[in-house]
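The structure appears below as structure tokens.
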Amino acid sequence: DILEGQPVPTPKMITVWAAALSIVAKEALYQYTAIKGKKLESPMMVANAWHHRSDALSSIGSLLGIGGAIFLGNKFAILDPLAGCVISIFIFVIAFKMSIPAIKELLDVSLPDDMEEKIVNTAVSVPGVIDFHNLKTRKEGPYIIIEGHLVVPSGMSLKEAHDISKEVEEEIWKEFGKETQISLHIEP
């Protein structure tokens, strides 16, 4: 055992080939998953893509450590476990970075301030809208979910208020896409 003073065993050549194959396979998976994740606007899928990329980068570190241990001789056999230690730190850092967007989505974090401001500005730009407040937003996968209170003149008929709310929805859909889910509460 290394911790008891035993010499570090030199890895076998098959481990070099396994690391090289892992680099190619994981990078291909990263490319495919990242493209799909961006297309679907899914932070979780993009995070999974980065998991593949971190595996590919870890395999590069493994390849360097294993290759150094094999090709530089027994005195450099320590490169293999040393590379393993560096890779574990790297994996921890990448895992932390890629978990943040996915956690935000799982916790229903609001959209960024500039997007919320755009929603409010879009709503109040519709004729007949006095105010738009109590805005609540979140993302669910690629979809945006919007809830808010729409203030219209108190003497307005129910049909007129409904027509204004439909126009607000149409304007928001123009900005954010037809798949955006909108729930408006009308206040006089």
Exercise. How about E140: does its CD atom have over 12 heavy atoms from other parts shown lying under 6.0 Å from it?
Worked result: no
Problem set entry | Distance (rounded to the nearest 0.5 Å) between L135 CG and L184 CG | 10.0 Å
Exercise. Do R138 and K136 have side-chain heavy atoms sitting under 4.5 Å apart?
Worked result: no
Exercise. Could you give the distance from CD (E160) to OG (S165), rounded to the nearest 0.5 Å?
Worked result: 12.0 Å
For this session: Supply the atom-to-atom distance W173 CH2 to Q181 CD, rounded to the nearest 0.5 angstrom.
Result: 10.5 Å
For this session: Look at atom OH of Y143 and say whether more than 12 heavy atoms of other residues, nucleotides or ligands are closer to it than 6.0 Å.
Result: no
Seminar exercise, completed: I182 and E169 have their tightest heavy-atom pair at CD1-O, 3.7 Å
Problem set entry | Backbone of A18 reached by a side-chain donor or acceptor of S22 within 3.5 Å | no
Exercise. How far does OG of S125 sit from CD of E175, to the nearest 0.5 angstrom?
Worked result: 8.5 Å
For this session: Would you name the heavy atoms of I164 and G128 that are closest together and state the gap between them?
Result: CD1-CA, 3.8 Å
Problem set entry | Reported OG1-to-CG distance for the pair T33 and L40, which is rounded to 0.5 angstrom | 11.0 Å
Problem set entry | Taking every non-hydrogen atom, the tightest pair across K12 and I70 | O-CD1, 3.5 Å
Problem set entry | V16 vs L63, side-chain contact (heavy atoms from CB on, under 4.5 Å): CA-CA, chis, key distance, verdict | CA-CA 6 Å; V16 171; L63 181 63; 3.6 Å; yes
Exercise. Given the rule that I, L, V, M, F, W and Y join up when any side-chain heavy atoms are under 4.5 Å apart, are W17 and L21 in one cluster?
Worked result: no
Exercise. Can you check whether Q31 reaches R53 side chain to side chain, under 4.5 Å on heavy atoms?
Worked result: yes
For this session: Could you check if a side-chain atom of L111 sits within less than 4.5 angstrom of a side-chain atom of I119, using non-hydrogen atoms only?
Result: yes
For this session: Indicate, with yes or no, if V124 and M156 share a hydrophobic cluster defined by side-chain heavy-atom contacts under 4.5 Å among Ile, Leu, Val, Met, Phe, Trp and Tyr.
Result: yes
For this session: Would you mind reporting whether K26 and Y30 have side-chain heavy atoms less than 4.5 Å apart?
Result: no
Seminar exercise, completed: For V46 and G37 the tightest heavy-atom approach is CG2-C, 3.7 Å
Problem set entry | Side-chain touch T137/M115, heavy atoms, less than 4.5 angstrom | no
For this session: Taking all non-hydrogen atoms of both residues into account, name the closest pair between D80 and P11 and its distance.
Result: OD2-CG, 3.6 Å
For this session: State plainly whether one hydrophobic cluster holds both V120 and V168, where clusters connect Ile, Leu, Val, Met, Phe, Trp and Tyr through side-chain heavy atoms under 4.5 angstrom apart.
Result: yes
Exercise. Are more than 12 heavy atoms from other residues, nucleotides or ligands located less than 6.0 Å from atom NZ of K159?
Worked result: no
For this session: May I have the step-by-step check of side-chain hydrogen bond (donor to acceptor under 3.5 Å, both in side chains) for E171 and T122, ending in yes or no?
Result: CA-CA 7 Å; E171 292 302 314; T122 300; over 6 Å; no
Exercise. Which pair of non-hydrogen atoms, one from S59 and one from I23, has the smallest distance, and what is that distance?
Worked result: CB-CG1, 3.4 Å
Problem set entry | M45 with I100, same ILVMFWY side-chain cluster at under 4.5 Å | no
Exercise. In terms of hydrophobic clustering (I, L, V, M, F, W, Y; side-chain heavy atoms under 4.5 Å; direct or indirect links), are L79 and I87 co-clustered?
Worked result: no
Exercise. Taking side chain as C-beta onward, heavy atoms only, is E187 less than 4.5 Å from F132?
Worked result: no
Problem set entry | Pair D114 + K118: basic N to acidic O under 4.0 Å | no
Exercise. What distance separates D131 CG from H149 NE2, expressed to the nearest 0.5 Å?
Worked result: 11.0 Å
